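Heads up: the structure comes next, in structure tokens.
Note that these values count all heavy atoms, side chains included, but never hydrogens, waters or copies made by symmetry. A quick note: this is a predicted structure, and the numbers were derived from the prediction, not measured.
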Amino acid sequence: MTQNTTILDTLAKYIENQSDFPVLNPDAARLQNEIIKPDPDLDAVKKLIRTDPTLTSKILKVANSPYYRGLGEVSTIKEAALRMGQAELFNMIMQVIHKQNFRSKNPMIKGLQTRLWDHCVACAFASLWLTRHLKMDDLVSKAFIAGLLHDMGKLCLLSALEKVLASKEETIKLTPDLVGDILTNRHETQGYALLTQWKLPVQYCNIARDHHIENYDESDSLLLVVRLADMICKKMDPKNQEYDMTYIMGSREADILGIKETGIALLEIAMEDASVVQV
């Protein structure tokens, strides 16, 4: 048996029991389930927010951030919701909910989690921007969530890898290159399984599964948006040389969506400015 086979078998052992997947606490799960409904109940959302002091404080912090400067101080969730708007409030809540799973105590895993989280937030922002720019009004409410969750399979794998590293029974040497290969080659399948475990709508699960495959459903506009957003975010990462403007503009996704080079340039500018409102 090769070392790679041994490593994959070991990971499968840790992932096989889905109760070991990253989980959402019951309050966060209820809040997420309300937000992703076709017609969310804002009053119900506000009641659920009030049960979580950490979430409440972060919402008020954003509502009083420099991004909204000059509008006066807010001190209640109701005021914050009015100031930010329902869509922006829900997107921010999703960020807070899912960031809680990015807290490894292992330095290597923590570093990879931080990089992954930054990419997920960037892809969420880019997906939302693209749907607005392309006037895809029916997808605006879904775009941020789809972008935020598309790479959660890597979180699942990192959780399993952390357990491997912590186990005294395992003697496998996990180098950064090997970990990178595992994340790249296995995260789509694990993402689909994880989002299914979280009982998310099938469209989000399919995006997690299909955002890199060659033969994908070209009629799924939200999938196209996330795939394109993922490429743009990788282009902006200095470590990725293969995702230049020529590659992106020549992609099938850009062609189907009808995005222009000037549109992508505007998105990049918007992304560089967006850190002011990140939680």
Side-chain angles (χ1 to χ4, degrees), residues 19-37 40-69 71-107 109-125 127-128 141-156 158-159 162-163 166 191 194-195 197-200 204 274-279:
S19 65
D20 288 338
F21 278 15
V23 297
L24 304 178
N25 68 54
D27 288 338
R30 282 193 290 271
L31 189 52
Q32 175 177 267
N33 289 341
E34 186 63 45
I35 288 172
I36 62 177
K37 288 180 179 178
D41 183 340
L42 182 57
D43 288 334
V45 170
K46 287 188 286 190
K47 288 178 182 178
L48 288 167
I49 291 171
R50 293 189 192 104
T51 66
D52 187 333
T54 301
L55 182 56
T56 298
S57 66
K58 289 187 176 181
I59 290 171
L60 293 177
K61 179 181 177 182
V62 172
N64 288 297
S65 69
Y67 184 73
Y68 296 100
R69 59 176 165 266
L71 299 177
E73 185 175 3
V74 301
S75 56
T76 68
I77 294 299
K78 180 179 179 180
E79 291 172 338
L82 289 171
R83 172 169 293 184
M84 300 171 68
Q86 179 172 303
E88 297 301 329
L89 176 66
F90 287 178
N91 290 343
M92 200 209 70
I93 291 170
M94 289 295 287
Q95 276 188 256
V96 176
I97 286 174
H98 288 284
K99 191 173 184 180
Q100 296 174 19
N101 275 314
F102 289 73
R103 295 179 176 175
S104 173
K105 295 180 180 179
N106 180 286
I109 300 297
K110 179 62 177 175
L112 291 168
Q113 284 182 344
T114 298
R115 183 172 171 80
L116 172 61
W117 177 250
D118 289 344
H119 174 71
C120 289
V121 172
C123 195
F125 179 91
S127 298
L128 177 60
S141 64
K142 301 177 181 179
F144 188 93
I145 297 172
L148 187 71
L149 302 181
H150 80 289
D151 258 353
M152 285 293 156
K154 291 183 179 180
L155 174 65
C156 183
L158 287 171
S159 298
E162 182 174 21
K163 292 174 183 176
L194 178 60
L195 298 196
Q197 175 77 0
W198 285 347
K199 302 187 186 306
L200 286 169
Y204 297 133
S275 58
V276 69
V277 292
Q278 286 187 12
V279 181

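In terms of heavy-atom proximity, Ile49 sits nearest to Thr56 at O-OG1, 3.0 Å. Shortest non-hydrogen contact noted between Arg83 and Ala63 is NH1-O, 3.0 Å. Minimum interatomic distance between Phe144 and Ala124 (heavy atoms only, all atoms of both residues): O-CB, 3.3 Å. For Ser159 against Pro22, the heavy-atom pair with the smallest separation is OG-CG, 3.5 Å. The minimum heavy-atom distance between Ala80 and Ile59, with the atom names listed, is CB-CG2, 3.8 Å. Here the closest heavy-atom approach between residue Trp117 and residue His98 is recorded as CZ3-C, 4.0 Å.
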Next item on the list: Walk me through it: do Met94 and Gln32 pass the test side-chain contact (heavy atoms from CB on, under 4.5 Å)?
Entry: CA-CA 7 Å; Met94 289 295 287; Gln32 175 177 267; 3.4 Å; yes
Next item on the list: Would you sort out whether Val74 and Leu82 count as a side-chain contact (heavy atoms from CB on, under 4.5 Å), showing the intermediate values?
Entry: CA-CA 10 Å; Val74 301; Leu82 289 171; over 6 Å; no
Margin query: Evaluate Lys58 against Val62 for side-chain contact (heavy atoms from CB on, under 4.5 Å), listing each step before the verdict.
Written below: CA-CA 6 Å; Lys58 289 187 176 181; Val62 172; 5.7 Å; no
Check: What's the verdict on side-chain contact (heavy atoms from CB on, under 4.5 Å) for Phe102 and Thr114, showing C-alpha distance, side-chain angles and the deciding distance?
Finding: CA-CA 7 Å; Phe102 289 73; Thr114 298; over 6 Å; no
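To the nearest 0.5 Å, atoms NZ (Lys154) and CG (Asp151) are separated by 4.5 Å. One finds the SG atom of Cys120 at 11.0 Å from the CD atom of Gln113 (value rounded to the nearest 0.5 Å). Here the straight-line distance linking atom NZ of Lys46 with atom NZ of Lys78 works out to 6.0 Å at 0.5 Å rounding. Summarising the geometry, atom CG belonging to Leu116 is positioned 6.5 Å from atom CG belonging to Leu155; distances are rounded to the nearest 0.5 Å. Atom-to-atom distance recorded for Glu73:CD and Leu60:CG is 9.0 Å, nearest 0.5 angstrom. Expressed to the nearest 0.5 Å, how far CG of Leu149 lies from OG of Ser127 amounts to 10.5 Å.
In this structure, Glu88 contributes its side chain and Met84 its backbone to no donor-acceptor pair below 3.5 Å. Side-chain atoms of Asp52 never come within 3.5 Å of backbone atoms of Ala28 as a donor-acceptor pair (strictly under, hydrogens ignored).
Arg30 and Asp27 are joined by a salt bridge, as a carboxylate oxygen and a charged side-chain nitrogen come within less than 4.0 angstrom of each other.
Side chains of Ser104 and Glu162: a donor-acceptor N/O pair is present below 3.5 angstrom, by distance only.
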